[in-house]
There are 2 protein chains.
Amino acid sequence: MTSQGSGPTSDVVVQKYGGSSLATPAQIRQVADRVSALARSGRQVVVVVSAQGNTTDDLLSRASDINPSPAGHELDQLLATGETASASLMAMAIQHTGTPATALSGARSGILATGPHGAGIIVAIDTEELRGLLDAGRTVVVAGFQGVTAEGDIITLGRGGSDTTAVAFAAELHTGHCEIYSDVPGVFTADPRVVPGARLMPDIAIDVMTEMAFAGARVMHSRAVELAALYDVDILVGSSTSTETGTRIHRRDGNDMLEDRTAVMAVVHDTEVARITLRTQNAPDPSPAVFQFLAKESIPADMTTVSSAPGGGYSLGLTVHHSHAADIRRSFSDLTSTGRGRGEIEVEDQVAKVSIVGHGLLSRPEYASRLLASLTGAGIDARSLNASQLRVSVTVPSAEAVRAVGLLHSEFGLDAEAGAMAGSLSPRP
Amino acid sequence: MTSQGSGPTSDVVVQKYGGSSLATPAQIRQVADRVSALARSGRQVVVVVSAQGNTTDDLLSRASDINPSPAGHELDQLLATGETASASLMAMAIQHTGTPATALSGARSGILATGPHGAGIIVAIDTEELRGLLDAGRTVVVAGFQGVTAEGDIITLGRGGSDTTAVAFAAELHTGHCEIYSDVPGVFTADPRVVPGARLMPDIAIDVMTEMAFAGARVMHSRAVELAALYDVDILVGSSTSTETGTRIHRRDGNDMLEDRTAVMAVVHDTEVARITLRTQNAPDPSPAVFQFLAKESIPADMTTVSSAPGGGYSLGLTVHHSHAADIRRSFSDLTSTGRGRGEIEVEDQVAKVSIVGHGLLSRPEYASRLLASLTGAGIDARSLNASQLRVSVTVPSAEAVRAVGLLHSEFGLDAEAGAMAGSLSPRP
């Protein structure tokens, strides 16, 4: 696929701006100025926008005022208006700077999606119209977070959907690169609101970023990072208001592997989780049915543990976003009440997930051990430990989450005083 | 075209609800209850909704904060989100009552439109999907005010667009009938906020209603009334919160003609107008160019006067909605500055249009004469008189509009004391 217009394909830049960067007219104008300057420098620019400020939450609350469990078709159509309005306003702002621009809603942008409403998956992107607009010298503003089904229905892409939209365009346009701008300057070794000594990471390998995102780092959504890894798209995460460099999320190469092999790189926490435990007696292993349900509903689950209980039953635990807890409780009740056996479900929502992220964390068992010792030594009840080479996670009581993050950030030498301020990916030698 | 589903075509009811009837969750639930009761009674229901409350004005103001003259493509895409959100919420509310419902945005409802952005014209309606939903037992909620072009662009239908959407569906579905609900109980002999003695008209002929709407009666837009006349659709105008009958706008028959032949039936005023006067010297008649411009931009003009001035020039006057005044001034400047002649444009925006509406108003010249005598006798400067069989209009200073309406309402015997309270279309014997 080659561009026939004003520049080669590699001149296309895909930028995504988050809702907090677009909350006011002044912020929209500021972003429009940035975009316009880039377009005037000769680049073809695709801008993906989220809904302004708290629009999505406002729409959700208006929907639940009307109907506590609205149908997905209507809810998606409602929510998609947020990004469509945002894209229209952004294109107007760019036009006002004198740069030709066109806004495309999800239905027009060529994003073909499928899957359940509220958790759509991008199937394909038809970039023909978009390329035509770019080659005609126009900047294209795309409403993020949404696609259209083969039947013409709007479907939203779930949490982090606008990031996914941006990465998908970068992949389909073969730019090799995507820029994600929000109100934070980049990726930190821990949430800087929680750990004052947290440091900005100038660079991070994409597989580590995937784990960070999945562990709850808000700066980018894990689906988008995974897509970037799959399609070899580098990501720059930066602030929409600053000229600082931000964090480059890059594909791994041999050099990275060597340097980062055994290092804790960040501490991530997520308070928006619920821990679900399902215990059965005299019934078959519930795991197949549970995972079938999670797959059908596109509910990501983390920290899964399955064990057979002494009396012959099973115990299945998993951590999910707390918004899914009610659905899961309802569905699991069906699982345990049908069949001959008995079962019980426990939903803990006063928990937080705390994780250390890095490379080779299982290669040296000290990491899990030091994590547990550090937390339990401080009187924090750490449970459900789950470890991989890239991440070790535990749940702690919500009220202890901030203290746990601070302890681990120090324990693994990530505080600003302990390492170099910039450039160091491996603060512990 | 015959329905193959749960009922014959004539069982379809098209109802439109205005934005002031949908401003709060409680109002949306109230409308949903009405619609649901109708559906449970066995009718197939198509509900057309406007944007909630002041949403459209809010969106317009957000756009003009960003760009004082936004491109039509982006502005239409922005504005259409208002009705799409409204339709989604209404469908959720109907679903919550237990009645199956589906929301369709303008892009999905089958409304093919063309024309300039912001003033689109419905070209065709493909009701196949809608009929399929109705026949499957679902109530269908359509986002009013919008259609989609052959290229897939959203285009809005201009002022009163949701009324037009509803009448167009009633015409296409051959219902012969359409219900328009808002926060007013029907059509009055004058604006009841201005004339306390104004009476609700239980019945009005559609050609008189066309004139009333064009003269500025807010209860329905003239385009929708004209479409209803063209396709033999009766309209019921009523309140969304009341069980009162409202006003029936009906096709004329011989009986009506006789009864109403010479009667003033209502006084209508419109303060949202501007009077434009274009005067040229040593130049050809500007009318062809002016009307070509108005047609191209879909700007309705009223009270048009063209006269040749004593010195060989022309004077062209017309009344338009004040929102068009700036565009017209700019365009007419081009008309007068090109060519060899000279010209000047006067735009008066501190004027209001006041009209009497009825039948046979030119058959008895007393109507225009009494109108002028009544106003000038009270010291009101009435200008630009324009008369037809159905309407006599003048412009007066804005500040005098309310007084002028009251004077004419009395002069033509429309006050409640002067006629029967209901049922009388001809208060003056």
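Note on naming: letters A, B, ... go to the chains in the order of the sequence lines (proteins, then strands), and numbering restarts at 1 for each one. Hydrogens, waters and symmetry mates are skipped; everything else that's a heavy atom, side chains included, is used.
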* Structure fact -> dist A:S69:OG -> B:H96:NE2 (nearest 0.5 Å) comes out at 7.5 Å
* Which atom of B:A101 lies closest to which atom of A:E74, heavy atoms considered -> O-OE2, 4.1 Å
* How far apart are the closest heavy atoms of B:A103 and A:H73, and which atoms are they? -> O-CE1, 2.9 Å
* Under a 4.5 Å heavy-atom cut-off, does chain B meet the side chain of A:I154, its backbone, both or neither? -> neither
* Provide the full list of side chain to side chain donor-acceptor pair (under 3.5 Å) pairs with a residue in residues 102-118 of chain A, sequence neighbours left out, each pair given once. => A:D76-A:H117, A:T102-A:R138, A:R108-A:E129, A:R108-B:D153
* Asked: Using non-hydrogen atoms only, which part of A:A107 is less than 4.5 Å away from chain B: side chain, backbone, both, or neither?
  -> neither
* Inter-residue atom distance B:M90.CE - A:I66.CD1, 0.5 Å rounding -> 7.5 Å
* Closest non-hydrogen atom pair, B:L89 against A:R62 -> CD1-NH2, 3.6 Å
* To do: Please list, in residue-number order, every residue in residues 15-38 of chain B that has a heavy atom less than 4.5 Å from any heavy atom of chain A; write 'none' if there are none.
  => B:P25, B:I28, B:R29
* Who pairs with A:S239 by side chain to side chain contact (heavy atoms under 4.5 Å, CB included), at least two apart in sequence or on another chain? -> A:P185, A:T241, A:S242
* To do: Pick whichever of B:T81, B:N67, B:L59 has the most heavy-atom pairs under 4.5 Å with chain A.
  => B:N67
In a table with atom names and distances, give each donor-acceptor pair under 3.5 Å that connects a side chain of residues 140-147 of chain A to protein atoms at least two apart or in another chain.
{"from": "A:Q146", "atom 1": "OE1", "to": "A:T84", "atom 2": "OG1", "distance (Å)": "3.4"}
{"from": "A:Q146", "atom 1": "OE1", "to": "A:G106", "atom 2": "N", "distance (Å)": "3.3"}
{"from": "A:Q146", "atom 1": "NE2", "to": "A:A80", "atom 2": "O", "distance (Å)": "3.1"}
{"from": "A:Q146", "atom 1": "NE2", "to": "A:G144", "atom 2": "O", "distance (Å)": "3.4"}

* Contact part of A:E83 toward chain B, heavy-atom cut-off under 4.5 Å: side chain, backbone, both or neither? -> neither
